[in-house]
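In this text the structure is predicted, and so the values were computed from the model without any measurement. Every heavy atom of this structure was used, including side-chain atoms; hydrogens, water molecules and symmetry mates were not.
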Amino acid sequence: MQEIKIDISKTLNFVSENDINELKTKVFAFQNILQSKTGAGNDFLGWLDLPSSTSKDDLSRINKTAQQLSSIADYVVIVGIGGSYLGARAVIDALSDTFCNLKTVRKNPIILYAGQNISEDYTFELLDFLKDKSFAVVVISKSGTTTEPAIAFRLLKELLEKNYSRDEAKKRIIAITDASKGALRTLSNREGYETYIIPDDVGGRFSVLTPVGLLPIVIAGIDIEKLIEGATWMENRLKSENYDDNPAALYAAIRNILYKEERKIEILVNYHPKLHSIAEWWKQLYGESEGKSFKGIFPAAVDFTTDLHSMGQWIQEGERTIFETVLSVEKPKYSVEIPFDKDNLDQLNFLAGKRIDEVNKKAELGTQIAHIDGAVPNIRISIPELNEFYLGQLIYFFEKACGISGYMLGVNPFDQPGVEAYKKNMFALLGKP
């Protein structure tokens with residue numbers, strides 16, 4: 001069985017093996033606290049055994065809902081912000097054809113997003129585009145009152161009810177919300193929307209393997225059974241109390257050692273554009289989990305080789321407060337060879353006959369060597385290929401490592417008290433009674 005793997009060899013110029021081994025007892029003590037659900041935030045640990053506890057009946061119902069929406073809508077708008085959409089978008093972008101939305105023949109609805117910003121221009125253009133289209137809405141909000149998605153849903157609901165009969169509009173709205181309370185639950189019960197429950201013990205940034213993520217993902221035509229299978233495989237693997245068999249514990253240990261060495265910024269690097277949204281999901285997962293009590297590694301991300309032409313100089317020679325975690329896909333889905341050109345004006349005939357991925361891999365290795373020479377520690381996470389099984393592994397790996405790492409930092413990784421500050425100011429400025 002192949003699996004994602006972690007390589008820390010390019011950190012050993014900066015972190016000693018003795019430091020890693022000395023930390024082992026502490027790392028696995030925190031893993032046991034996490035696994036036994038006895039630590040801070042233990043009422044939000046439902047994600048720990050979520051993969052293995054997801055039943056075939058659960059997945060069957062989600063698949064059925066997706067098929068129903070696909071039969072009536074050409075576009076499905078996912079309404080949510082933060083954890084309510086980032087995980088789904090990460091998987092969808094990673095596993096979809098980059099240009100699927102431009103193709104005239106499609107098997108699945110086009111996925112659009114709303115409620116992830118408060119931009120008037122974005123909202124106008126979305127509504128203007130949808131006004132003569134066949135569309136449906138999946139609205140995701142535990143409370144139903146989060147400002148960004150609530151505004152977007154109010155407008156999309158109005159457009160649906162204008163374009164269709166009231167009964168037809170109801171069929172085109174799926175609500176993923178609290179089991180018993182909140183504005184969206186009240187509206188769903190009154191209108192008769194089909195609903196899915198956001199579990200009380202799963203926080204938004206850990207919710208991608210609940211209906212919050214799974215329903216949008218399967219609407220896009222992605223196999224959620226394989227995604228859950230990969231996550232379940234990793235769930236079982238990460239119960240080990242040995243670094244060699246537990247990459248999440250090793251990742252958490254290395255991050256914390258580097259943090260104590262004043263490496264305050266972690267840059268998640270990818271060499272595959274389909275992983276851009278994985279990085280956006282990862283930034284919320286780690287930023288919201290660890291950034292508390294004036295502690296925490298700042299999560300940043302870059303897309304290489306693209307950003308080597310913009311951020312490369314700073315990473316190479318800027319302030320040495322950074323380390324990199326590189327996501328590397330071992331096997332691309334397709335094969336494209338560089339052709340021979342008789343004029344050779346670009347001086348690239350030495351690459352003729354080579355696959356583009358070979359050039360990409362050499363760019364990765366060359367960059368890694370340069371950055372290590374520039375005193376930037378590098379962790380490498382290799383992904384055998386981009387498919388549902390390995391993405392399921394990667395998601396659970398990052399989630400488990402985040403829990404362990406947060407405890408090691410001395411914070412509660414499962415709350416987010418600071419996110420309310422801007423809302424209070426915004427509402428006061430808007431004159432909310």
Side-chain angles (χ1 to χ4, degrees), residues 57-85 87-89 92 106-116 118 122-200 204 207 210-222 224:
D57 288 343
D58 294 335
L59 297 177
S60 177
R61 184 192 165 207
I62 292 170
N63 276 307
K64 184 177 179 181
T65 299
Q67 290 169 5
Q68 184 265 327
L69 284 185
S70 297
S71 71
I72 62 173
D74 295 324
Y75 300 86
V76 175
V77 186
I78 309 302
V79 180
I81 195 166
S84 294
Y85 94 104
R89 184 163 194 169
I92 292 168
R106 295 182 299 271
K107 294 182 180 179
N108 305 100
I110 290 175
I111 303 296
L112 303 174
Y113 300 92
Q116 80 280 30
I118 326 178
Y122 180 96
T123 305
F124 176 88
E125 289 166 2
L126 176 65
L127 295 171
D128 186 61
F129 174 77
L130 290 172
K131 65 186 179 184
D132 58 355
K133 304 294 190 301
S134 173
F135 76 98
V137 172
V138 176
V139 55
I140 306 167
S141 176
K142 196 165 183 63
S143 66
T145 58
T146 302
T147 308
E148 295 91 341
I151 291 172
F153 180 56
R154 178 182 285 207
L155 290 162
L156 288 163
K157 176 175 172 289
E158 180 182 64
L159 182 59
L160 277 173
E161 292 176 347
K162 177 182 176 182
N163 287 359
Y164 303 100
S165 69
R166 190 175 180 85
D167 286 342
E168 178 64 20
K170 291 177 183 179
K171 295 177 184 176
R172 292 172 178 264
I173 296 173
I174 308 294
I176 304 177
T177 188
D178 190 86
S180 59
K181 62 184 184 297
L184 185 54
R185 169 52 62 187
T186 299
L187 178 65
S188 299
N189 289 346
R190 188 184 76 196
E191 298 295 321
Y193 300 151
E194 182 178 2
T195 62
Y196 285 86
I197 294 170
I198 301 174
D200 286 336
S207 68
T210 73
V212 169
L214 295 178
L215 180 58
I217 288 167
V218 76
I219 291 170
I222 294 163
I224 54 175

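Using a cutoff of 4.0 Å between basic side-chain nitrogens and carboxylate oxygens, Glu158 and Lys162 are not scored as salt-bridged.
When all heavy atoms are compared, the tightest approach of Val212 to Gly83 is CG1-O, 3.7 Å. For Ala183 against Thr145, the heavy-atom pair with the smallest separation is CB-CG2, 3.8 Å. Shown here for Pro216 and Ile140, the closest heavy-atom pair between the two residues is CG-CD1, 4.3 Å. Contact between Val137 and Phe135 at its shortest, heavy atoms only, is CG2-CE1, 3.9 Å. Closest non-hydrogen pair, Thr195 versus Ser188, comes out as CG2-CB, 3.5 Å.
Under a 3.5 Å cut-off, the side chain of Asn163 and the backbone N or O of Lys131 do form a donor-acceptor pair. Between the side chain of Arg185 and the backbone N or O of Thr177 there is no donor-acceptor pair closer than 3.5 Å. Between the side chain of Ser165 and the backbone N or O of Glu168 there is at least one donor-acceptor pair closer than 3.5 Å. No donor-acceptor pair under 3.5 Å is formed between the side chain of Arg61 and the backbone N or O of Tyr196. Checked by atom type and distance alone, the side chain of Ser207 pairs as donor or acceptor with a backbone atom of Gly204 at under 3.5 Å.
Shown here is Lys133, whose NZ atom has more than 12 heavy atoms of other residues, nucleotides or ligands within 6.0 Å. With a 6.0 Å radius and a threshold of 12 heavy atoms from other residues, nucleotides or ligands, Phe124 has its CZ atom at or below the threshold. Within 6.0 Å of atom NZ in Lys170, more than 12 heavy atoms from other residues, nucleotides or ligands are found, so the atom counts as buried in its surroundings.
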Exercise. Would Glu161 and Arg166 satisfy side-chain contact (heavy atoms from CB on, under 4.5 Å), going step by step from the backbone distance to the final call?
Worked result: CA-CA 6 Å; Glu161 292 176 347; Arg166 190 175 180 85; 4.3 Å; yes
For this session: Step by step, work out the side-chain contact (heavy atoms from CB on, under 4.5 Å) result for Tyr122 and Tyr113.
Result: CA-CA 10 Å; Tyr122 180 96; Tyr113 300 92; 4.2 Å; yes
Exercise. Going through the distances and angles, do Thr123 and Leu127 end up as a side-chain contact (heavy atoms from CB on, under 4.5 Å)?
Worked result: CA-CA 6 Å; Thr123 305; Leu127 295 171; 4.0 Å; yes
Problem set entry | Gln67/Val218 under side-chain contact (heavy atoms from CB on, under 4.5 Å): CA gap, chis, key distance, verdict | CA-CA 9 Å; Gln67 290 169 5; Val218 76; over 6 Å; no
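The line from CD of Gln68 to CZ of Arg172 is 9.0 Å long, rounded to the nearest 0.5 Å. Taken to the nearest 0.5 Å, the CG atom of Leu130 stands 11.5 Å off from the CG atom of Leu155. Here the OG-CD1 distance, from Ser84 to Ile198, works out to 5.5 Å after rounding to the nearest 0.5 Å. To the nearest 0.5 Å, atom CG of residue Leu187 and atom CZ of residue Arg154 are 11.0 Å apart. In this structure, Ile219 CD1 and Ile92 CD1 are separated by 8.0 Å, a value rounded to the nearest 0.5 Å. Ile118 contributes atom CD1, which lies 7.0 Å from atom CD1 of Ile81 (distance to the nearest 0.5 angstrom).
Between Val139 and Tyr193, every side-chain heavy-atom pair lies at or beyond the 4.5 Å cut-off. Contact of the Ile176 side chain with the Val138 side chain is registered, since non-hydrogen atoms from C-beta on lie closer than 4.5 Å. Taking 4.5 Å as the limit, every side-chain heavy atom of Pro109 sits out of range of all side-chain heavy atoms of Leu69. Counting heavy atoms from C-beta outward, Pro211 and Ile62 have side chains that approach closer than 4.5 Å.
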